[in-house]
Structure formats: structure tokens, C-alpha cells
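These notes concern the structure reproduced below.
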Amino acid sequence: MALNASADPARLAIFTDFDGTLVDLAETPQDIEIATDLSERIQRTMADLDSAFAVITGRPITDIDRFLAPLTLPIAGAHGTERRRADGSLEAPDQNLIEQIDAIENSLLPLVAAHPELLIERKPGTLALHFRQAPQLENACRIALHEAIQDTENFGILEGKMVLEARPNGVDKGKALRAFMAEEPFAGRTPIFIGDDVTDEDAFAAAQDLGGVGIKLGQGETIAKMRIADVQSVHALLTGLGDIAQGRKAPQETH
Ligand SMILES: [Mg+2]
């Protein structure tokens, strides 16, 4: 896709991943620690950026709402299978998709019954099979999940850290970023996406394709043009970008 010629580089839209980017990873997804000032910091950044801030995550939207309460941000959840727009309206998975995930879950039940240390996590448009408590079962999980998606229309398998996830093909974080960028208050702005994992690569590509920048947290191969060291630096960057946006606005306000 062509560079968005109408994008205004002085007007930023910031998109971030959640786990490993806004919060440090923990032993289990439930154990993450949220910085006490995170909600407040995001709120300030949103005010500085005329609300052009969204989270794009593998988690369900409800998880992020709980962690960042009382904020209800624009969020693409479960890799973009669900999306809450800036106006509050929701794009949810259709019934057909939910039925396919039911079928995937049903075919995994025998394996999980035999190995209670495995965990199935249902998300709005995906299903994750966690084997953190039983790493020796990784291959058995992979085989079972491949068999489980066999009869579905179009699922693929996403490999994560101690987790395998069945996700509809054609859904990724890059598509979610593009969807936001077609809407207010993001349209016409220059997108920045910050993330730490392989599933963030699609969003780096989309941001850069639209004339913006991908920022990769930590090590690992990436197409992102920039890197950042850690979660604390991401927090500082959010505040810094808000300051820049405010500085640019100041001259206009004196007119
Ligand atoms: Mg992450």
C-alpha cells in the first residue's frame, strides 16, 4: 500500500502491544504487575494526542479493561478478532467463527482430560492451548491442535511462549492497526506501533507502510525501524511523545 500522502508527521497515532510492552511478562498471564501509574500515564498521553491511542493485543478486550480500569480504551483484542473503536462501538467475532472454535475445543478435550496440567483458554475469536505446566507435552499439543483445526474453514496455528493458539487466517495485528487508521481520531495521523513479540511484526509492517514507525522492544529479528530497551522506557516514551505533541500544538493555540 502506498504511503499515506496526507499523513501529518506532527500528528501522531500511538498503538501498543500490552504484555511485554506496557507490562513486564510474568510466570503466568494472570500474575503480571501493573505499574500503579500506568492508567494515569496512558490517560495523559491520550489527552496530549487527542485520543489517538489504542492497544493491539493477543488478550481479550475484557482482560485489558480489567487491568487498566477505569480506562476503556480503543482496543483490538485476541489479535484483532474483536475490536472496540474509539467511538466505543464493538466489532465482534461472528457466530460461525465461534462455532468453529467450539469444534476445536471439543476435539482437544480428550487430551486435556488426560493431562489436567494443560490449559485451554477461550478468547473471543481464538483458542489458546497452554502447556507451561507440562513443557514435555509441547509436541502432543501441536499434533492435537493441528488435528483439531483440520475440519475448520481457515484456521492457522500461532506459536507463542509455552502456548499454541488457533487463530483464523487473515487476522493479524497489522490488519487491526489499518482498521483503526481508517477511522477517527487516527485517520491522517502518523502511526507508531510498539511491541515485543513475533506477532507484532505485522503491526510494525503496517505502521511503516502507512508512513510511520515500528518500535521493537528487546532483542530478536525484526522489521521495525527502531528499538527500545524495556517496559520502563516505553512508559517514558509515551509521556515524551505526548510532550512533543503538546509542544507542536502550542503555537497554534496562541493564534
Ligand atoms: Mg507482547
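Worth saying up front: this structure is predicted, and the values here are computed from it rather than measured. Remember, it's 1-based here, ligands and their atoms both numbered in the order they're listed.
The closest donor-acceptor contact from the side chain of Gln208 to the backbone of Gly214 lies under 3.5 Å.
Summary: OD2 is the N/O/S atom of Asp17 found nearest to the Mg ion (ligand 1). The atom of Asp196 nearest to the Mg ion (ligand 1) is OD1, with the search restricted to N, O or S atoms. In terms of distance to the Mg ion (ligand 1), the nearest N, O or S atom of Asp19 is named O.
Nearest heavy atom pair, residue Glu117 against residue Gln133, reads O-CB, 3.6 Å.
For residues 53-77, every residue pair satisfying the salt bridge (Lys or Arg N to Asp or Glu O under 4.0 Å) rule, not counting sequence neighbours, is listed here: Asp19-Arg59, Arg59-Asp63, Asp63-Arg66, Asp65-Arg84.
Side-chain contact check for Phe186 versus Pro74: some heavy-atom pair is nearer than 4.5 Å.
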